[in-house]
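Lettering follows sequence order; numbering is per chain, from 1.
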Amino acid sequence: MIPGTCAREKEVAELLRSGHWPQACSLELHAHVGGCRACGNLILVTETFQRARSNAAGMARLESPGALWARAQLRRRNAAIERIGRPILGAQIFALAVSVLVAAGFLVLQFRQGAPWTSWIKDFPRSLHLEALWPSAPPTFDGHLWFVVPLLAALAVLSGVVAYVASEQE
Amino acid sequence: MPWETAIPDVLAGEQPLAGLASASSPMDSEEFAGFYERSARSLWAYLARVSCDAALADDLMQESYLRFLCAAHPTDGDVARRRYLFRIATNLLRDHWRRPRATSIEEIPEEVFRAADESAPADTKAMLGPAMKLLRPRDRQLLWLAYAEGYSHREIAEVTGLASASIRLLLFRARRKMAALLREQTSKDRRPL
């Protein structure tokens, strides 16, 4: 037993819980509580807290349970979607990593073989027949990448913008 | 095929994933409304008195119910559900106390001041408010659960996560401290000006 406690605390607590204190309390217990510090503390604290509870409960501003229910459904749905999306994101990262590795391997292999595809890049502008689209273009740009590279870059940027706008509209 | 069509049940909220199976809650919206009506006021009182902040109690109460609905809560009656709800609220309070406080007054939303002003008259009238502020948060929790909610030591241990054996001693000390503060408050109020 903790020093300072009283053996009759349980009895008093039971009376307080059932609402029988002090009306249904024996005179003898009443007299005991009058002189017992521990039981007095118990009664003081319990009555104060019970009063505070009923006062505070009346001050509560309750939200509609329907709104809470709907928000909980939304949260659960978002959690489910996130849970499903997690492996998809993982698969995308894995696919990207594999693609980068394959591309890097291919480039290394090509460079080791003397990079035969560089001649293909040199011939690429000619294969596009860009001179036909550009009447006043200088007739001799074959083999020069100075014109093709900015053009391709512009095309890439433009297609990126178009793709972004299209996805935004969706 | 759009991926949404592959998981129609989940998106429709009809049949959750295996991981959330228990959260599908046998509790429907009407049953929840009933449970909410029975438990919300006492939960708010607990949060408001223990945190000494009415606006915070509003926020934490909403969050407690949302977590309750999203988690796998007990299905064996109102008493167990209520206890579980109080446990969620207690954890939220603990998280709030652990969070670093706002350092600048600009960071505190306007509503906080408004709510504090509204609740101030009720708090100053009550004897408990000032005494509660002088106690440690854990003592406030223990006292409220024991004497306002009437929970047993075992139930308090379940709600707070403390060892059941230590509840008795902690509660005894907190009660002694609270009784002294209340007596002091009473004698101050009675003292002639």
Inset, instruction - Verify the cluster assignment for A/Val102 and A/Phe94: are they in a single hydrophobic cluster under the rule of side-chain heavy atoms below 4.5 Å apart? - result: yes

Legend entry - Exceeds 12 heavy-atom contacts within 6.0 angstrom, atom CD of B/Glu30: no

Inset, instruction - Assess whether atom CZ of B/Arg83 is packed by more than 12 heavy atoms of other residues, nucleotides or ligands within 6.0 Å. - result: yes

Legend entry - Which of B/Glu149, B/Met178, B/Met61, B/Arg41 touches chain A most, by non-hydrogen pairs under 4.5 Å: B/Arg41

Legend entry - Donor-acceptor pair, side chain of B/Tyr65 and main chain of A/Pro65, under 3.5 angstrom: no

Inset, instruction - Quick one: closest heavy-atom pair of A/Ala56 and B/Arg49, and the distance? - result: CB-NE, 4.1 Å

Inset, instruction - Would you name the heavy atoms of B/Ala179 and A/Leu44 that are closest together and state the gap between them? - result: O-CD2, 3.8 Å

Legend entry - Closest approach of B/Gln62 to A/Leu68 (non-hydrogen atoms, all atoms of both residues): O-CD2, 3.9 Å

Inset, instruction - Could you state whether B/Phe86 and A/Leu62 fall into the same hydrophobic cluster, counting links through intermediate Ile, Leu, Val, Met, Phe, Trp or Tyr residues with side-chain heavy atoms under 4.5 angstrom apart? - result: yes

Inset, instruction - Using a 4.5 Å cut-off on heavy atoms from C-beta on, say whether the side chain of A/Arg37 contacts that of B/Arg176. - result: no

Legend entry - Among B/Gly150, B/Ala45, B/Ala148, residue most engaged with chain A (heavy-atom pairs, under 4.5 Å): B/Ala148

Inset, instruction - Could you grab the distance from atom CZ of A/Arg76 to atom CG of B/Leu69, nearest 0.5 Å is fine? - result: 8.0 Å

Inset, instruction - Tell me whether B/Ile88 is reachable from B/Trp97 by hopping between hydrophobic residues (I, L, V, M, F, W, Y) whose side-chain heavy atoms are closer than 4.5 Å. - result: yes

Legend entry - From CD (A/Glu63) to CG (B/Asp58), nearest 0.5 Å: 9.5 Å

Inset, instruction - Report the C-alpha separation of A/Arg75 and B/Arg67 in whole Å, then their side-chain angles, then the decisive distance to 0.1 Å, and conclude whether the side-chain contact (heavy atoms from CB on, under 4.5 Å) test is met. - result: CA-CA 9 Å; A/Arg75 190 181 277 194; B/Arg67 290 195 185 189; 4.1 Å; yes

Inset, instruction - Taking the side chain as every heavy atom from C-beta outward, state whether B/Trp44 and A/Met59 have any atom pair closer than 4.5 Å. - result: yes

Legend entry - Choice from B/Leu182, B/Leu169, B/Leu66 maximising heavy atom contacts with chain A below 4.5 Å: B/Leu66

Legend entry - chain B contact via A/Glu9 - which portion, at a heavy-atom distance below 4.5 Å: side chain

Legend entry - Contact class of B/Ala48 relative to chain A, heavy atoms under 4.5 angstrom: neither

Inset, instruction - Select, from B/Glu37, B/Arg183, B/Met132, the one with the greatest count of heavy-atom pairs under 4.5 Å involving chain A. - result: B/Arg183

Legend entry - CG (A/Leu89) with more than 12 external heavy atoms under 6.0 Å: yes

Legend entry - CA sep, side-chain torsions, deciding dist, call: A/Thr48, B/Tyr147, side-chain contact (heavy atoms from CB on, under 4.5 Å): CA-CA 9 Å; A/Thr48 310; B/Tyr147 302 112; over 6 Å; no

Legend entry - Geometric class of the B/Trp144/A/Phe49 ring pair [parallel <30°, tilted 30-60°, perpendicular >60°]: perpendicular

Legend entry - All ring pair (Phe, Tyr, Trp, His ring centres under 6.0 Å) counterparts of A/His32, not counting sequence neighbours: none

Legend entry - Structural part of A/Leu16 lying under 4.5 Å from a heavy atom of chain B: neither

Inset, instruction - Please test B/Lys177 against A/Val45 for side-chain contact (heavy atoms from CB on, under 4.5 Å), starting from the C-alpha separation and ending with a verdict. - result: CA-CA 10 Å; B/Lys177 212 181 294 177; A/Val45 171; over 6 Å; no

Legend entry - Cluster check B/Tyr36, A/Leu74: I/L/V/M/F/W/Y, side chain < 4.5 angstrom: no

Legend entry - Proximity breakdown for B/Leu47 and chain A, heavy-atom pairs closer than 4.5 Å: neither

